[in-house]
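Structure, as structure tokens:
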Amino acid sequence: MSFLARHDVSLNELLVAPLVFRATWPGLAEQPHATAAGMRDLAEFGGHGAGAIRTAMSRLRSSGQIESFECDGVTRYRLGAWGSSIGATVMRRFERPEGYVLAIFSFEAGDARERQLVRDALRSYGFQKLAQNVYINGQIDTAGVEAVVQEHGLAQHLFLFRCPDQADPALDRRLVELFDVKARARVLARFERELHDYLHGPGVSGDEFVRRYFAAGPAHYRVTFVDEPALPARCLPPDYPLERLVPYAEPTARQARAIVDYWRRIHA
């Protein structure tokens with residue numbers, strides 16, 4: 001099974017990945033925004049056909065996840081407000097500020113769709129389930145998730161509580177056990193090996209490396225952010241693999257040149 005299939009990287013994620021890197025990696029800040037052709041290049045690399053790509057692009061635009069605009073006679077694409085705020089949250093969460101944010105939501109029994117919308121929004125911003133209808137995160141900026149919930153008219157159902165860090169050893173132990181940090185370390189170590197083999201296997205260089213680098217981004221986001229409990233650094237064991245995985249978004253000088261060269265040609 002390929003890396004992308006093993007980690008269930010979807011067509012939508014492949015289309016959005018170049019926009020995420022353009023918005024978050026400083027090395028692309030001065031490059032033009034993405035084109036449809038460049039986005040299609042990565043989706044085709046992932047094995048998707050033209051018809052599915054056209055349909056997915058249309059749905060991404062209509063949902064507001066991506067925005068199109070004209071620049072010097074060329075239609076280009078950037079992240080919508082929702083995607084941009086998630087990207088910023090991801091970068092700040094890796095700093096692991098002390099303390100927590102608790103999210104509690106309440107719905108009537110029949111409001112399954114609305115409940116799922118709130119769950120999905122919380123998960124996208126890195127919240128982990130703590131108990132029934134209770135999710136926990138680190139001290140993130142919650143403006144993005146609040147905006148998503150407000151947009152769907154559900155703000156009255158979500159309550160956010162900021163909990164300053166108490167450095168309570170007993171609480172730390174309970175959270176470490178609840179989220180099974182030892183098992184998480186094994187998951188991260190396995191992903192680290194798979195990611196390394198995917199990006200640095202024999203003969204992987206140039207455009208092939210860049211396509212793999214972009215395509216692996218959604219899997220990295222899911223494993224190191226969405227599925228990763230936002231525990232303070234003191235709760236993590238020595239040599240916890242997350243500390244080595246975070247610099248994934250910081251390519252070497254040689255890799256950075258390959259990324260910029262690819263981008264200039266593919267998104268011209």
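Computed from a predicted structure; not experimentally measured.
- Between R113 and Q116, the side chains place no donor N or O within less than 3.5 Å of an acceptor N or O (distance only, hydrogens not considered).
- In this structure, I104 CD1 and L158 CG are separated by 9.5 Å, a value rounded to the nearest 0.5 Å.
- For the pair D172 and R234, the salt-bridge criterion is met [side-chain N within less than 4.0 Å of a carboxylate O].
- There is a side-chain donor-acceptor pair under 3.5 Å between T142 and E146.
- The salt bridge (Lys or Arg N to Asp or Glu O under 4.0 Å) test with D227 is passed by exactly one of R222, R123, K129: R123.
- In this structure, H200 and H196 have tilted ring planes: the angle between them lies in the 30° to 60° band.
- Under a 4.0 Å N-O distance rule, the pair E70/R76 does not qualify as a salt bridge.
- Here R61 does not pair with E67 in a salt bridge; the nearest charged N to carboxylate O distance is not below 4.0 Å.
- Aromatic ring pairs are classed by plane angle as parallel below 30°, tilted from 30° to 60° and perpendicular above 60°; the pair F105 and Y135 is tilted.
- Atom CZ of R265 is surrounded by more than 12 heavy atoms from other residues, nucleotides or ligands within 6.0 Å.
- Comment: R212 engages E208 in a salt bridge, judged by a side-chain N to carboxylate O separation of less than 4.0 angstrom.
- Relative orientation of the H7 and F3 rings is tilted, given thresholds of 30° and 60° on the angle between their planes.
- Ionic pairing of R184 and D180 is not present here: no N-O contact between side-chain nitrogen and carboxylate oxygen is shorter than 4.0 angstrom.
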